[in-house]
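Report on the structure given below.
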Number of protein chains: 2
Amino acid sequence: MAIRPAEQLIHKAAWLYYAHGLRQDEVASQLNISRASVAMYLRKARETGIVNISTSTQLFTDDVMARRLEDAFKLDAVWIAPENAYLADPSTDIAVLAASVFLELVRKGDRIGVAWGRTVYTIADIMSYADLQDVTVVQLCGNLGAPYSYRPDQCTMEIARRLNAKGLNFYAPLVLSTEELAQGLRAEPVIRDQLAGVADCDLALYSVGAVDADSHLVKCGALAPAEMAALREEGAAGVIAGQIIDAKGEALDCSYNRRVISAELASLRAIEKRLMVVQEDSKFEPLLSAIAGGLCTHLVIGAHMAARLLERAGEAGKKAS
Amino acid sequence: MAIRPAEQLIHKAAWLYYAHGLRQDEVASQLNISRASVAMYLRKARETGIVNISTSTQLFTDDVMARRLEDAFKLDAVWIAPENAYLADPSTDIAVLAASVFLELVRKGDRIGVAWGRTVYTIADIMSYADLQDVTVVQLCGNLGAPYSYRPDQCTMEIARRLNAKGLNFYAPLVLSTEELAQGLRAEPVIRDQLAGVADCDLALYSVGAVDADSHLVKCGALAPAEMAALREEGAAGVIAGQIIDAKGEALDCSYNRRVISAELASLRAIEKRLMVVQEDSKFEPLLSAIAGGLCTHLVIGAHMAARLLERAGEAGKKAS
DNA sequence: CACGGCTCTCGACAAAAGTCAAATTTGGAT
DNA sequence: ATCCAAATTTGACTTTTGTCGAGAGCCGTG
């Protein structure tokens with residue numbers, strides 16, 4: 001990558017402004033350009049991750065509830081967005097927090113697995129830019145040819161773009177019509193390698209889906225509402241990376257799952273840091289299942305959800321004693 | 001550390017402003033305080049490291065010269081501050097760069113060894129704040145009761161303060177008058193433990209001193225100008241963490257060194273990342289010695305010094321071939 | 001070589017952020 | 001209970017920053 005003169009200028013301006021603490025007009029005269037240009041360069045510097053502005057997420061883990069949740073569910077870290085106080089839209093708050101937490105968890109050289117869904121895409125969308133060139137973002141599951149902008153490959157690419165990282169998409173459909181075809185495709189070297197590579201990730205980012213007619217799987221046409229209802233009868237409790245899980249967080253033994261092209265749950269569990277973000281209160285049961293299945297080590301949720309989880313943990317504790 | 005309501009407010013303000021991108025007046029109305037207070041809180045947030053603003057130091061490593069230096073001297077990374085262009089005071093530029101590089105190299109949970117000198121103190125002084133509570137900053141060498149503000153313990157403490165980290169000073173003089181006393185003091189459990197702990201550091205920050213009458217060792221009275229001159233005759237080539245090294249970067253076999261309380265060079269070499277920062281051009285020979293002795297893996301220097309180093313490397317190469 | 005289409009740059013204005021002294025609250029000591 | 005000192009908060013003011021449309025420079029093309 002040749003260093004463009006423009007990029008050089010952006011870098012110099014950012015350096016003088018942010019590192020040396022000069023004012024914009026001082027920077028301008030140093031570089032012999034107008035102050036307006038300096039302002040523009042600085043915006044670009046922020047947008048390309050040449051400068052990083054991050055706020056500590058301590059406040060949200062330094063919470064009694066968060067600590068109790070960590071203990072109760074054996075999680076590495078929990079962040080709770082206080083739903084009530086701050087903003088008009090509470091779900092944005094969760095996404096903003098999740099994005100910050102995500103950036104805090106990423107390390108240079110990491111390999112990051114990203115699933116898909118509205119939540120993940122929202123996070124990608126508000127995530128600030130960073131300059132992590134040696135990071136690789138890999139797609140955890142096949143694509144859905146949906147009219148939504150939060151397609152699996154979109155989520156992966158957008159996050160890669162934000163981080164200035166390399167994006168590794170994979171071009172297979174999420175669901176095929178026969179088990180044989182799915183099996184065959186999974187055996188394809190290109191696909192197989194990528195699926196195998198999932199276990200080498202250092203960090204995963206996903207949410208959990210609900211098993212109802214509102215699920216993306218239904219909206220995108222992967223499953224008919226009736227099929228979904230039937231799966232629910234069979235014990236479907238949630239959706240992770242396009243796969244149906246049961247209440248224990250194991251893959252449900254069903255035709256649909258056998259027709260899916262996605263990272264195996266075992267591979268996901270092999271990832272050291274599994275960051276799960278849940279926005280909707282309605283995903284309470286699915287989340288419980290995901291936690292039960294050990295699919296999550298780091299959790300970002302809203303205060304209400306946190307309270308419900310603790311309540312449940314309390315009940316379980318009572319029953320046990 | 002109990003969470004003060006004030007600290008909570010600072011955190012909230014910082015969150016709304018930096019993470020959500022609200023304006024100060026919006027934050028003010030959200031929190032029911034005046035905008036002026038918000039501005040103050042935000043300054044505090046920056047000063048306490050609740051928000052981190054960092055600029056990439058890529059530009060300074062992405063240099064042809066830097067690459068060639070890395071190759072020629074087998075260094076992990078080299079940063080070169082372009083002396084000419086930017087600012088009135090070029091040495092400030094090196095210090096600012098060094099501070100950024102330093103912050104980039106620190107990881108959570110790290111143990112950091114810090115030596116002393118004008119250079120190190122300058123870096124500490126302009127370093128921005130960070131919130132790294134689980135970091136420990138340890139002092140690499142004994143104290144000098146000098147009237148200077150860049151005493152070893154000052155350097156350590158200041159850097160610890162900036163990082164919100166724990167500072168581990170050690171209270172022994174840098175030089176004693178007899179070898180016996182030095183030996184005895186080194187055997188003291190408190191001192192011994194701390195010296196032994198140096199090898200466990202993940203990162204070291206130091207500069208190298210010149211062997212002349214301007215040296216701190218002379219200015220602070222540890223050595224008389226005449227003694228210094230004598231040591232020079234005996235092969236002294238530089239000063240590292242209060243110790244005299246020869247041209248090969250080994251500790252010089254002399255009475256002075258035996259009377260010093262400081263981390264052994266072997267312990268320093270055991271540290272994974274050894275960040276050396278050199279501001280003055282006059283430290284060319286000392287720097288060469290330090291590099292020869294493997295006392296530095298990461299290097300921050302000015303453009304002029306870089307050119308001289310490369311020139312020397314070229315000569316050496318020619319001689320070899 | 002003249003022409004659009006393109007990006008980059010600048011000046012001027014509007015918006016936002018920083019600052020300071022005065023006013024208010026807080027906490028402790030008497 | 002009352003006072004005082006220290007810290008916090010505020011409104012008013014100044015400085016700094018963001019933005020936008022106009023104009024300048026650049027390049028490939030007809």
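Everything quoted here is computed from the prediction, not taken from an experiment. Numbered from 1 within each chain, the chains take letters A, B, ... in sequence-line order.
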Value in whole Å for how far the P atom of D:dG18 lies from CZ of B:Arg23: 13 Å
Donor-acceptor pair between A:Gln139 and A:Gln194 side chains, under 3.5 angstrom: no
Between the protein and nucleotides 18-21 of chain C, which nitrogen or oxygen pairs come in under 3.5 angstrom?
residue, atom, partner, partner atom, Å
C:dG18, OP2, B:Gln24, NE2, 2.7
C:dG18, N7, B:Arg35, NH2, 3.4
C:dG18, O6, B:Arg35, NH2, 2.8

Phosphate-side-chain proximity, A:Ser37 and C:dC10, N/O vs OP1/OP2 below 4.0 Å: yes
Interatomic distance, A:Glu26 CD vs D:dT17 C1' [rounded to whole Å]: 14 Å
By side-chain contact (heavy atoms from CB on, under 4.5 Å) - contacts of B:Asn164 (at least two apart): B:Asp131
Salt bridge (charged side-chain N to carboxylate O under 4.0 Å, His left out) partners for B:Glu104, two or more places apart: none
Integer-rounded Å distance: C:dG11 P and A:Asp25 CG: 13 Å
Qualifying residues under salt bridge (charged side-chain N to carboxylate O under 4.0 Å, His left out), relative to B:Lys283, sequence neighbours excluded: B:Glu280
Partners passing side-chain contact (heavy atoms from CB on, under 4.5 Å) against A:Ala130 (at least two apart in sequence or in another chain): A:Asn52, A:Leu103, A:Leu132, A:Leu163
Interatomic distance, A:Asn32 CG vs C:dT9 P [rounded to whole Å]: 13 Å
Phosphate OP1/OP2 of D:dT8 contacted by B:Tyr41 side-chain N/O (<4.0 Å): no
Rounded distance in Å - CG (A:Leu22) to P (D:dT17): 10 Å
Spacing between A:Leu16 atom CG and D:dT17 atom P, to the nearest angstrom: 13 Å
Salt bridge (charged side-chain N to carboxylate O under 4.0 Å, His left out) partners for B:Asp110, two or more places apart: none
